[in-house]
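Atoms considered below: every heavy atom in the structure, side chains included; atoms not considered: hydrogens, waters and symmetry mates. For this chain, numbers begin at 1 and follow the sequence in order. All values derive from a computational prediction rather than experimental measurement.
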Amino acid sequence: MTITDDLQKLLDILPQDLQQVLESHPKRDSLVEVVLDLGRRPEARFPNQAEYLSEVPVTQEQIDDCIQRVGIFGGDNRAGIEQTLHRISAIRNRTGKIIGLTCRVGRAVFGTIGMIRDLVETGKSILMLGRPGVGKTTALREIARVLADDLQKRVVIIDTSNEIAGDGDVAHPAIGRARRMQVAHPNEQHQVMIEAVENHMPEVIVIDEIGTELEALAARTIAERGVQLVGTAHGNQIENLIKNPTLADLVGGIQAVTLGDDEARRRGSQKTVLERKAPPTFEIAVEMLERQRWTVHESVADTVDNLLRGRQPTPQTRTVDDQGKIAVTRQLAVVNGRGGGQLATVEESFAPARPSNGWRSSGQMVALPQLPVERVTGRSEFDRLLDESFNYSESIDLDAVTRVPGPNGEDLPLHVYPYGVSRHQLEQVISVLTLPVVLTKDIDTADAILALRSHVKNHAKLRQMAKARHVPIHVIKSSTIPQITRGLRRLLNIDDPEMADDLELQLFLHNGSDDEMDALEEARLAVEQIVIPKGQPVELLPRSSQVRKMQHELVEHYRLKSHSFGEEPNRRLRIYPA
């Protein structure tokens, strides 16, 4: 990065004694601002600390002397220094007299947008968010220069406070070939935005501090005319904009929608819900958490939809180290098997986004990028786990098994008598998940009975035997791996969402063929990358009845609904969001 700040010109407007202190200060190059308040000690602020420059309070004469050396204060109580990026802001008393100054250092940092240069080159509108002082205006200035000089675009900057291109009629060199339109009064910013599009034929409009409803409306008008927008807004995160009725239109606007009975039941929500009203004005949002750490929402529409439905968005976090190396991580929602989710961070390679190929081009099962989530998907691992389950011995000497007390006072391992439940599947679940359970063929030695609900309902003798022996009966709806897994967890009083779901996913393969593995991987990708994060139903490819059954079981594992439809041989699954 190359940094130019013309710091000496800012120091020249300060009182002489303060100039001398700052010129020899060891942290001079990282100075953020100097604060002068009447009757208080002068203060210098640095990125992580602040310190007093003198023990003598600031006098009115010192403030007046500083005012004479800077430009005219505009309607927003800001002034500047000719041909620099510094900003001097005034605090006035009730009569309009200036009794305080904030002298902020303006720096042109070349190379600061390396983290998002690939996004800038896409031509999509970008919104920068962040707390004051994190570098939004600096990044905006550099984006304008890159678009104008490197990408040869017609760029117009709407410079309300002369903060982007500096004070005076000649723009600062930091904006390159970009043009600058000044604004006479902050209230007229939205009018100048529209005027820029109508009169100067820009390809890109750069705007700092969108803060009113009229400016948000002007931004939407500009975006709908096909002009790329790059701007900043008052807010730290996208959630702040959603809750701000003035600026909500920047992310699509929010409206209350009344759902039909069937749709509300399918979603599992109330009949009146909040939904996005329109496409977002800005397609990409960047939350500037720190100067070297930014969170990127590549699709504002998807992020807003997820937040309104109570889901966790999956943005990128981009960081850059002292050597300029960029690291990209993504927060992915990992389903925990109980309908909730937890966040897992995975690293991604830094490269411009490219369209990916899906199974379909009709809008169903499309754009399923292969994210490098750390999963156990090799055939060798499957075979090892399945071989271990197949080697599980049926002829266990129950008297020889050493039983220890469990966390809830029960004796482990737990002896379970299966009734109507596939013994093979039971053994497989017990082995792969390493559950402390032993299957028994003798009801007299059983601690519990695991049975199908339909069998228990029609078998009075079983209920009588269990009652006489004081053996509890736990029922499951069907002899499927998800139902068996949940039944065994209930027996063991295990209800832990942190249990390794990757192991459970291995159970669905049953030592399957390549076709079965492809079908299950297709269903898994559909659930984890479309149905859960985007809340959209997905239609899978046609499969045989046996393979569809396996897909149904996998979907049930995620606590989602699925139905088969169509005629053979084109009968296929449709997966619905929760």
Side-chain angles (χ1 to χ4, degrees), residues 116 118-120 122-129 220 223 228-229 233 235-244 247-255 257 263 267 269 273-287 289 294-318 328-335 340-346 348 352-358 360-373 524-539 558 560 575-578:
I116 61 167
D118 60 311
L119 304 178
V120 173
T122 62
K124 296 181 179 179
S125 296
I126 302 175
L127 180 64
M128 313 291 289
L129 301 169
R220 175 168 291 280
Q228 180 182 359
L229 266 175
N236 200 29
Q237 295 177 319
I238 287 185
E239 291 94 321
N240 302 137
L241 297 187
I242 293 177
K243 297 174 183 178
N244 186 342
L247 301 179
D249 190 57
L250 296 178
V251 292
I254 311 300
Q255 65 181 357
V257 176
E263 179 66 14
R267 290 192 186 187
S269 66
V273 297
L274 293 178
E275 289 196 349
R276 182 166 47 85
K277 182 163 51 177
T281 302
F282 292 89
E283 298 152 288
I284 299 172
V286 178
E287 298 171 358
L289 308 177
W294 297 356
T295 294
V296 176
H297 297 269
E298 301 155 288
S299 173
V300 173
D302 290 344
T303 296
V304 173
D305 291 344
N306 284 332
L307 289 172
L308 292 178
R309 294 194 177 189
R311 300 191 183 98
Q312 189 70 31
T314 58
Q316 288 182 347
T317 299
R318 301 189 177 190
V328 181
T329 58
R330 182 185 294 276
Q331 295 287 336
L332 290 181
V334 179
V335 178
Q342 54 190 357
L343 290 181
T345 302
V346 296
E348 295 181 346
R354 297 182 178 88
S356 58
N357 296 321
R360 297 176 180 270
S361 58
S362 62
Q364 299 165 334
M365 286 305 294
V366 296
L368 297 181
Q370 294 284 347
L371 295 175
V373 186
R524 183 187 68 79
L525 287 173
V527 168
E528 295 185 357
Q529 298 186 11
I530 295 181
V531 180
I532 291 175
K534 297 185 177 181
Q536 299 175 358
V538 172
E539 177 184 323
Y558 288 97
L560 299 175
I575 307 172
Y576 299 96

Test log, rule side chain to side chain contact (heavy atoms under 4.5 Å, CB included), inputs L119 and V296: CA-CA 9 Å; L119 304 178; V296 176; 3.3 Å; yes
Intermediate values then yes/no, side chain to side chain contact (heavy atoms under 4.5 Å, CB included), I532 and L560: CA-CA 9 Å; I532 291 175; L560 299 175; 4.2 Å; yes
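Between D249 and R220 there is a salt bridge, since at least one side-chain N of the basic residue sits less than 4.0 Å from a carboxylate O of the acidic one. Salt bridge annotation for E239-K243: absent, with no cationic side-chain nitrogen under 4.0 angstrom from a carboxylate oxygen.
Using a 4.5 Å heavy-atom cutoff, the side chains of I242 and L308 are in contact. Using a 4.5 Å heavy-atom cutoff, the side chains of R524 and Y558 are in contact. Counting only heavy atoms from C-beta outward, the side chains of T317 and V328 never approach each other to under 4.5 Å. The closest side-chain heavy-atom distance from I116 to W294 is below 4.5 Å.
Looking only at distances, no side-chain donor or acceptor of N244 sits under 3.5 Å from a matching main-chain atom of N240. A distance-only check finds a donor-acceptor pair linking the side chain of S125 to the backbone of L229 [under 3.5 Å].
Closest heavy-atom contact between L129 and G235: CB-O, 3.5 Å. Residues P577 and G535 approach most closely at CG-O, 3.5 Å, considering heavy atoms.
Put simply, CD on Q237 and CG on L307 are 9.5 Å apart, with the number rounded to the nearest 0.5 Å. To the nearest 0.5 Å, the span separating OH on Y576 from CD on Q536 amounts to 14.0 Å. Atom CG of L127 is separated from atom CG of L247 by 9.0 Å, given to the nearest 0.5 angstrom. Atom CG of L241 and atom CD1 of I254 lie 10.0 Å apart (nearest 0.5 Å). Taking NE2 of H297 as the start and CG of D302 as the end, the distance is 11.5 Å to the nearest 0.5 Å. From R318, atom CZ reaches atom CG of L289 across 13.5 Å, with rounding to the nearest 0.5 Å.
R311 is linked by a salt bridge (Lys or Arg N to Asp or Glu O under 4.0 Å) to nothing, counting only residues two or more places apart in sequence or in another chain. Residues satisfying the side-chain hydrogen bond (donor to acceptor under 3.5 Å, both in side chains) criterion with Q228, sequence neighbours excluded, are K153.
A side-chain contact (heavy atoms from CB on, under 4.5 Å) with I238 is found for exactly one of T295, T303, L250, namely T303.
Defined by atom type and a distance below 3.5 Å, a donor-acceptor pair is missing between the side-chain atoms of Q255 and E275.
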